[in-house]
Amino acid sequence: MRVIRIFDTTLRDGEQSPGASMNVEEKIQIARQLVKLGVDIIEAGFPIASPGDFDAVKRIANEVPGAVIAGLARAREEDIKRAWEAIRDAPKRRIHTFHSTSDIHLKYQFKVSREEALKRSIEMVKYARSLVDDVEFSPMDATRTDIPYLIEVVEAVIRAGASTVNIPDTVGYTSPEEFGRLIKAIKEKIGEKAVISVHCHNDLGLSVANSLAAIQNGAGQVECTINGIGERAGNCSMEEVVMNLVTRKDFYKAKTNIRTKEIIRTSRLLTRITGMQVQPNKAIVGANAFAHESGIHQDGLLKEKMTYEIIKPSDIGLKETELVLGKHSGRHAFKTRIKELGYELTSEEIETAFDKFKRLADQKKDIFDEDIEALVSEGVGRIPAVYSLVDLSITSGMSVRPTAALKLKVKDKIIDSVEHGDGPVDAVYRAIVAVTKTKSRLLKFEVKSITGGTDALGEVLVSLEEGSRKARGQGADTDIIVAAAKAYVNALNKLAARKR
Ligand code: KIV
Ligand code: ZN
């Protein structure tokens, strides 16, 4: 069976989603999980875009073995050089360079002729090949490019040394039949001389369908992102394209190297890190993707799962919520479970997480995997703590003015403050601002319960803005107001780290 390469661009195109920016440590955590998931290529970033992007690509190249690490570069010498500097230490590395080819882009944005675009693309592929063996070229806005010209560019960059040619539907404009025909025409011209990749955006909701049509017509690589995040309406969703190939292998006769049991964990890790929630009815990873509400469906399922279930939840790593640990579980069991859940923590981080777990076990009888993930991911990103929450007590109710008494450690000093507010969260946030003397503004506040029951661990996600900087924070606790305080402090620590 044909193997389709999965090129994951969550850390590059995905990160271009409004609100999805990640810090370097967060990107490394995602990259490690992508390797566990089995992706073939990780596009780790766009090194020339910023020093932060460069660092992230370089650290992933140095610290995350197991997949090809790609760096994106415009068809310019300085971009390609920067991408090369970022990826050079990776055991397997690729430069992905691109130039627009549609008349719309060439005329209005770049003001260059077709001939100039072709010449530059050839020169820059040659330059990239002088640095690295594995070069990918993308004619940007390919689906709005004159087809004979597109084919001319594709053939020329292959002659110049590109081993993968990516056909991007940059603005999500094409449709499955049309895109299938385009890929077929390219395949007929280039045969096995290079791998055809596709990169589809979801503006018309067709990115997965277009990618599948391309696979049917000869594409050997799909560019996609976890949860389909990405520029505007997003990119082709990795879990959807992969599970289509798995579920309908009889039809597509193609497979990938993805370990599907890691899908849900990867999706949740990304959600926690970016704060971008998955819509409940999203295919494969949405909260309702396996929930059967109708009586007729439930009746059928009880008789035979196949009646209404085309994918086993366990195939993507979902299991019945299991009781994993309790009050009497020891450090060893806790450590083992964390490892099984896919987290790699330092001994110091394990100790912190274990303390939190013990405190939680005193408050909550049953502790589930999701609880542990929420506790552990509070530490994801390894931000040095300028501020830490020492104590908090709240008075609130129908006939009292909400008041928060807060103790916060700022560097090595403990400072306290008592503030009133419109509600308990407002009072806490006023107290935090008073103690930290920060000028942050709350942009977003989300609360969710991790598992069921009134003793459930509550998780709060906040987004803050201070000047031009933005940061997300996460906090979990059985007391939702404490979780809200932790989330705010976590975001302030990230802002402080960025300031430094
Ligand atoms: O959408 C696009 O065209 C891109 C290219 C850089 C491949 O992201
Ligand atoms: Zn894109």
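As the structure lists them, so they are numbered: ligands from 1, and atoms in each ligand from 1.
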Tabulating one pair per line, provide the atom names and distances (0.1 Å) for every N/O atom of ligand 1 that is less than 3.5 Å from a protein N/O atom.
residue: ligand 1; atom: 1 (O); partner: H199; partner atom: NE2; Å: 3.2
residue: ligand 1; atom: 1 (O); partner: H201; partner atom: NE2; Å: 3.0
residue: ligand 1; atom: 3 (O); partner: T170; partner atom: OG1; Å: 2.7
residue: ligand 1; atom: 8 (O); partner: R12; partner atom: NH1; Å: 3.4
residue: ligand 1; atom: 8 (O); partner: R12; partner atom: NH2; Å: 2.9
residue: ligand 1; atom: 8 (O); partner: D13; partner atom: OD2; Å: 3.1
residue: ligand 1; atom: 8 (O); partner: H199; partner atom: NE2; Å: 3.1

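Taking each heavy atom of I183 and A219 in turn, the nearest pair found is CG2-N, 3.8 Å.
Listed by chain and number, the residues in a ring pair (Phe, Tyr, Trp, His ring centres under 6.0 Å) with F46 amount to none (sequence neighbours excluded). With sequence neighbours left out, the side chain to side chain contact (heavy atoms under 4.5 Å, CB included) criterion links K312 to S314, D315.
For the Zn ion (ligand 2), the count of nearby protein N/O/S atoms, taking only those under 2.8 Å, is 3.
D40 places no side-chain N or O within donor-acceptor distance of the main-chain N or O of F7, the cut-off being under 3.5 Å.
Just one residue in the list R5, R12, H96, H199 forms a side chain to side chain donor-acceptor pair (under 3.5 Å) with E223, and that residue is H199. Exactly one of R265, R268, E262 qualifies for a side chain to side chain donor-acceptor pair (under 3.5 Å) with Q33. That residue is E262.
Side chains of E136 and T164: a donor-acceptor N/O pair is absent below 3.5 angstrom, by distance only. Side-chain contact of T170 with D141: a donor-acceptor pair under 3.5 Å is absent, judged by distance alone. For the residue pair T174/T143, the side-chain donor-acceptor check at 3.5 Å is not satisfied.
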